[in-house]
Amino acid sequence: MKVTIRITGDALSAYIPKKDLEEPIISVANEDLWGGSILLRNGWRLALPHLPQDTRLPATVEANIRRH
C-alpha cells in the first residue's frame with residue numbers, strides 16, 4: 001500500500017491515503033528508517049523499502065503490513 005512518511009511537528013507520522021488515515025510512528029525497528037519496519041500508534045507494523053538515508057521527507061513509498 002502507498003504510505004507517505006512525513007514529519008508532523010517534531011515527530012514522524014505515516015499517512016495512508018487509501019484509508020485516509022494518519023498515525024504517529026511510535027517506534028522504528030532499526031536505526032535506519034528505510035529498509036526497516038515501523039510501528040504505528042494503531043498497532044500496524046509496516047515494512048519500508050530500502051531508500052538512500054538522505055531521502056527527503058515527505059516521501060511516498062510502497063509499504064507492506066507485517067503480521068506478528
Same cluster or not: are L51 and I5 linked, directly or through other Ile, Leu, Val, Met, Phe, Trp or Tyr residues, by side-chain heavy atoms under 4.5 angstrom apart?
->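 Per the 4.5 Å side-chain linkage, L51 and I5 are co-clustered.
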Do you reckon I16 sits in the same ILVMFWY cluster as W34, going by side-chain contacts under 4.5 Å, direct or chained?
-> yes
Is there any salt bridge (charged side-chain N to carboxylate O under 4.0 Å, His left out) pair reaching into residues 56-65, and which pairs are they, with sequence neighbours excluded?
->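 For residues 56-65: K2-E62.
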Could you give all pairs that pass the salt bridge (charged side-chain N to carboxylate O under 4.0 Å, His left out) test and reach residues 17-29, with sequence neighbours left out?
-> R6-E22, E23-R41
Check: [Y] and [X] side chains under 4.5 Å, non-hydrogen atoms:
X	Y	value
I25	L40	yes
N64	L46	no
L21	W44	yes
L12	I7	yes

Non-neighbouring partners of T55 that pass side-chain hydrogen bond (donor to acceptor under 3.5 Å, both in side chains), sequence neighbours left out = none
